Undergrad: 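What follows is a single structure, and I will ask about it in a moment.
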Number of protein chains: 2
Amino acid sequence: MPQHKEVTIYDIASALNISIATVSRALKNDPVVSKQTKKKIFDLAGKMGYRTNHFARNLRNQKTNTIGIIVHELNSNFITSVLAGVEKVTTEAGYDLIIAHSSESFAKEIANAKNLFHKRVDGLIASLSFDTKNLDHFEPFKEKNVPVVFFDRVEQDGKNTVVVIDNDKSGYQATEHLIQQGCRKIVHITSSLKRNVYSKRFKGYKDALFDYGIPYDENLLIVNDLSESAAIESAMQILKMDPLPDGAFITNDFVAAVVMRTLKENNIKIPADIAMVGFNNDAICTLVEPALSTINYPGIDVGEVAARNLINHLKGIGNLQNTNTIIIRSNLIIRKSSLKNDSFEKNIKIKNQKKNLSKIESK
Amino acid sequence: MPQHKEVTIYDIASALNISIATVSRALKNDPVVSKQTKKKIFDLAGKMGYRTNHFARNLRNQKTNTIGIIVHELNSNFITSVLAGVEKVTTEAGYDLIIAHSSESFAKEIANAKNLFHKRVDGLIASLSFDTKNLDHFEPFKEKNVPVVFFDRVEQDGKNTVVVIDNDKSGYQATEHLIQQGCRKIVHITSSLKRNVYSKRFKGYKDALFDYGIPYDENLLIVNDLSESAAIESAMQILKMDPLPDGAFITNDFVAAVVMRTLKENNIKIPADIAMVGFNNDAICTLVEPALSTINYPGIDVGEVAARNLINHLKGIGNLQNTNTIIIRSNLIIRKSSLKNDSFEKNIKIKNQKKNLSKIESK
DNA sequence: AAAAAAAATGTAAACGGTTACATTTTCATA
DNA sequence: TATGAAAATGTAACCGTTTACATTTTTTTT
């Protein structure tokens, strides 16, 4: 198999009998090179199939023009839209993007961080895996002054820049909505409370119960991973409760959908017997029956904001050091899975006039 | 903001008073370096926070150890599992992976190809976008002898190595199953017939109709993109048919789910009025009601096989030149959305004894 | 203890760009 | 036409590795 030799600026220079410096400058469109020379160089470069050697350039320039992103999984609408948002901004700004996913494993997250560190990304965006224990693997970035922005699953210790929604409030809203629908025994299915997204939603859940005078019952808290089998187990656990709960706030739409299916298979009526609210506003919400009420978590905005802040920092505009927490708008979307009675529209409308917090999807 | 100076092998060498050659060799674990020297070097490298400069190394080695993958979208179970399969193999083999997605746009696909080409990936894996017109943008890879493997959405012109399922057979099986359920007027909703996945499924559909003596009716073919709005339109088109069709073979699970929802909203009973079969076996299949029959398209296998062949080729084991088409096993999964009568189990069992083609999921 | 072989280390030239600084060419002006 | 400034181009060092080849050190053999 013949290996074609790569064309370099040396080849172009000697073919045109000029210096490599001029070729280099021309290819970067340096205004100092004359129009005619530039044209000759561009034409020949095209003809010879020249391509920049990024390694030589980066080696010399000491920067990579690359942003890394570590996500905890790939297969959710939420993460996909975060990626879309990040990509939009990085592409516009002329940065390359390397996507790594940890599949919810701490070990893989460490490996990814190490890899991106060695690849010398100029900046990093990350969401923590399910079982991440600490942030030691991000220390090397800080030591080398490589900016890191966390989103969604973050450690809110005040030391890091994070892009999040108000999980506290969202949990409160979801729970409050169920209470307003008449629920008094509300299950909360969530994931590891070590991840602060989940602990804050849990806090919102408890606060809402408290504000409405409903005692918190720890038997109604189900902590689980976000797998299908775990979701089925959670549903089974609900079925064993006596009396049955009348509401469920579930921290993930997919889990909510599986729980709902399992409950329905066991002749539970949704929302009549148990009203449900999920989280994220994934595509499945409107495909399951009844359509799933949820918290809209706009991934694209999260991605755009995270990337924009990172890049501004890199370009010297704005400074991440001063910006610790960026909160993205989120909102409750009410669908049939949580509507126990018909008078809901009136109720909600009155409420909205006061708070303007939730969004109704009629029909 | 102080820029920490990077540690290089020069720093290590001069600190230990040895040559950079020895340091370089030690860091690569070259057996020619003595144990003690190696230990000293590793210890110091760790202490000083040394990290390999990939640019210098790649510049010198003239290879990147990187595989690129271009996918037509990110948010489907299928693509996600392909990525998982690819990643498993590339990681094991010590290759890095750059993921690019074209969002179904030809222009973005070209941009991605160009980018990965300039990044000098050692090999490329790709699935074509919805409206890709030609493969010119992959020519540069061929010219430089960079191997390219296509999967899923491919151009089967015999010139490229492709990893696919037998779409022809799958389309046949799906349609045959509907016919065996008693369907005689079967709609086929699909995407651009220029993409050969879809044209082959369509061929399978027509062949099955023919074999069972059902004339093909072009009014029952609905070509659309794979968006939610397009799916709703397709459902509306079905509703306008008189008489209504009694079966639908839809080339994508998400689209099938949306169509099913829209039909149900219009009081069509699934499967009694219209039996449905989707394609891919995405997670939604078991979340919608009734559960969606589908063709199981094992993305993880596709990804693994594509990556394995590519890497073997790069390592000189096996040769892609000789391997044009690799076919991955796929199979029909029967669920409630396509079961018109109760005697199905008997029917299917008899059929399976003969052909062993389909897999029943009871319950 | 000398000679030969093996092991360990060192020297220096790539790899392909970028850019400070130096030099040459072009051109307006005196 | 000589002069100087501006424009265009050239020279060469540098970025941090790898590795063929050369040299030194250690070990084995006689």
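Fair warning: this is a prediction, and the values are worked out from it, not measured in the lab. Quick note on labels: first sequence line is chain A, next is B, and so on, each numbered from 1.
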Undergrad: For C:dA8, take OP1 and OP2 only and decide whether either is under 4.0 Å from a side-chain N or O of B:Gln36.
TA: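 Result: no.
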Undergrad: Side chains of A:Lys119 and A:Asn115: any donor to acceptor distance under 3.5 Å?
TA: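 Yes, side-chain donor-acceptor contact under 3.5 Å.
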Undergrad: Counting just side-chain N and O atoms, does A:Arg60 come under 4.0 Å of either OP1 or OP2 of D:dC14?
TA: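 A:Arg60 to D:dC14 OP1/OP2: no side-chain N or O under 4.0 Å.
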Undergrad: Of the nucleotides C:dT19, C:dT18, D:dT17, which one has an atom closest to the side chain of B:Ala56?
TA: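 Of C:dT19, C:dT18, D:dT17, D:dT17 is nearest to the side chain of B:Ala56.
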Undergrad: Whether A:Arg153 and A:Glu104 form a salt bridge (side-chain N of Lys/Arg under 4.0 Å from carboxylate O of Asp/Glu) is what I want to check.
TA: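 Yes, this pair counts.
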Undergrad: May I ask you to verify if any side-chain N or O of B:Lys35 is less than 4.0 angstrom from the OP1 or OP2 atom of C:dA8?
TA: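 Answer is no, no contact under 4.0 Å.
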Undergrad: Determine: side-chain N/O of B:Ser24 to OP1/OP2 of D:dT18, distance under 4.0 Å, yes or no.
TA: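 Affirmative; the distance criterion is met.
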Undergrad: Heavy atoms only, 4.0 Å cut-off, all strands: where does B:Ile18 land among base, sugar-phosphate and nothing?
TA: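 The residue B:Ile18 makes sugar-phosphate contact but no base contact.
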Undergrad: Please state whether the phosphate of D:dT9, meaning OP1 or OP2, lies under 4.0 angstrom from any side-chain nitrogen or oxygen of A:Thr37.
TA: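 Affirmative; the distance criterion is met.
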Undergrad: Would you say D:dC14 has OP1 or OP2 under 4.0 Å from some side-chain N or O of B:Tyr10?
TA: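 No, because none of the side-chain N or O atoms of B:Tyr10 sits under 4.0 Å from OP1 or OP2 of D:dC14.
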Undergrad: Base, sugar-phosphate, or nothing for A:Asn61, non-hydrogen atoms under 4.0 angstrom?
TA: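 Sugar-phosphate contact only - A:Asn61 comes under 4.0 Å of backbone atoms but never of a base.
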Undergrad: Quick one: is A:Ser19 getting a side-chain N or O under 4.0 Å of the D:dG10 phosphate, OP1 or OP2?
TA: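 For D:dG10, OP1 or OP2 has a side-chain N or O of A:Ser19 closer than 4.0 Å.
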Undergrad: Any side-chain N or O of B:Gln62 less than 4.0 Å from the OP1 or OP2 oxygen of C:dA14?
TA: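 No, B:Gln62 has no side-chain N/O under 4.0 Å of OP1/OP2 on C:dA14.
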Undergrad: Just to confirm, is there a sub-4.0 Å distance from OP1 or OP2 of D:dT9 to any side-chain nitrogen or oxygen of A:Ser34?
TA: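 So the side-chain polar atoms of A:Ser34 do come within 4.0 Å of the phosphate oxygens OP1 or OP2 of D:dT9, strictly under.
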Undergrad: Output, in order, the C-alpha distance, side-chain angles, deciding distance and verdict of side chain to side chain contact (heavy atoms under 4.5 Å, CB included) for B:Phe117 and B:Lys144.
TA: CA-CA 10 Å; B:Phe117 180 70; B:Lys144 300 280 183 193; 3.8 Å; yes
Undergrad: Could you go step by step and tell me if B:Phe106 and B:His137 meet the ring pair (Phe, Tyr, Trp, His ring centres under 6.0 Å) rule?
TA: CA-CA 10 Å; B:Phe106 186 27; B:His137 45 307; 5.5 Å; yes
